Amino acid sequence: IVTYNTMLHGFCKVGRMDEALSLLQKMAIAGCDPDVITYTSLVHAFYKVGDLGEAQRYIQEMVSKGCIPDIVTYSIILDGLAKSGKLHEAFKFFRAMFDRDSLPDAVTWSILLNGLCKSNKVDEAQKLFDEMITKGFVPDVVTYNIMIAGLCKSGRLMESLQLYKRMTLTQCHPNAVTYNTLLNGFCKEGNINDALNLVSDSSTKHIALSLDSVANLVDALRKVGRVMEADYVTTKTAQWQDNPE
RNA sequence: UGGGCCCUU
């Protein structure tokens with residue numbers, strides 16, 4: 001079953017759903033019953049290619065065969081709902097999880113927070129984030145990244161910086177996505193000095209920034225005539241790429 | 001062996 005699931009996931013990952021489904025047939029012929037992971041992979045892949053109908057179909061097939069969806073399955077369903085504009089439905093589903101067997105985990109919370117942030121509902125996202133903490137769930141780096149991105153997107157740069165600082169005080173360390181998010185947000189708003197501070201933070205922590213984000217910042221610097229700093233950042237980041245330590 | 005974040009416009 002592990003071998004089949006690994007292969008199936010391989011097909012799903014590259015969107016070759018026809019081949020994934022024929023593998024599902026082969027499993028049946030071989031007498032190998034699909035399990036929760038098989039179905040969850042399929043559902044995820046169908047959501048990703050935008051085929052909500054097929055996703056729904058395999059959720060039903062899973063349940064009808066007595067295969068119990070778990071927290072991963074639920075999270076994928078929630079993400080599918082949130083990303084297809086059905087936030088309200090996603091929340092109903094989410095709230096129902098508390099009354100059922102499976103509690104959400106950090107990923108589940110993050111999916112909903114992301115849905116709110118992407119719909120420009122950062123205030124609601126902040127409330128949900130507070131609720132998450134009040135209820136004793138622990139945000140991870142992705143949860144923080146989502147909130148930081150939401151705050152940046154609505155131009156609330158100082159609040160995003162505060163959250164960044166808050167996360168550095170916890171056991172949750174910023175990663176490359178954290179810095180890319182902040183850098184892009186700050187450059188977009190023209191706050192180049194804070195962006196530069198973040199670059200030096202990231203180098204202190206030995207975190208390699210994405211080339212896109214660096215190019216973005218260098219562009220912003222050149223546009224306001226700070227050519228020497230632009231060159232300096234270019235040189236420095238090139239060095240970190242070659243010799244990260 | 002399966003789930004969430006930046007960039008992928």
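Note that this is a predicted model, so its numbers are computed, not measured. Below, chain A is the first sequence line, B the second, and so on; all start at residue 1. The figures that follow rest on heavy atoms only: side chains count, while hydrogens, waters and symmetry mates do not.
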Using whole Å, what does the distance between atom C1' of nucleotide B:C7 and atom CG of A:Asn216 come to? 10 Å
For A:Lys153 and B:C5, is the shortest distance between a side-chain N/O and OP1 or OP2 below 4.0 Å? no
Between B:G3, B:G2, B:G4, which one does the side chain of A:Ser41 approach most closely? B:G2
Heavy-atom pair with the smallest gap, counting every atom of A:Ala20 and A:Leu42: CB-CD2, 4.3 Å
Think A:Lys65 forms a cation-pi with A:Tyr39, using NZ or CZ under 6.0 Å from the six-ring centre and within 45 degrees of its axis? no
Quick check for you: among B:G4, B:C6, B:U1, whose closest atom lies nearest to any side-chain atom of A:Thr6? B:U1
Which whole number of Å gives the distance between the C1' atom of B:C5 and that of B:U1? 23 Å
Spacing between A:Ile76 atom CD1 and B:G4 atom P, to the nearest angstrom: 7 Å
Rounded to whole Å, the CG-P distance (A:Asn145 to B:C7) equals 12 Å
Once the angle between the rings of A:Phe137 and A:Trp109 is folded into 0 to 90°, is it parallel (under 30°), tilted (30 to 60°) or perpendicular (over 60°)? tilted
What's A:Ile148 touching, base or sugar-phosphate or nothing? Going by heavy atoms closer than 4.0 Å. nothing
Could you check which of B:C6, B:G3, B:C5 has an atom nearest any side-chain atom of A:Val72? B:G3
Donor-acceptor pair under 3.5 Å: do we get one between A:Thr108's side chain and the base of B:G4? no
Quick note, A:Ile37 side chain, CB onward, closest among B:G2, B:G4, B:C6 is B:G2
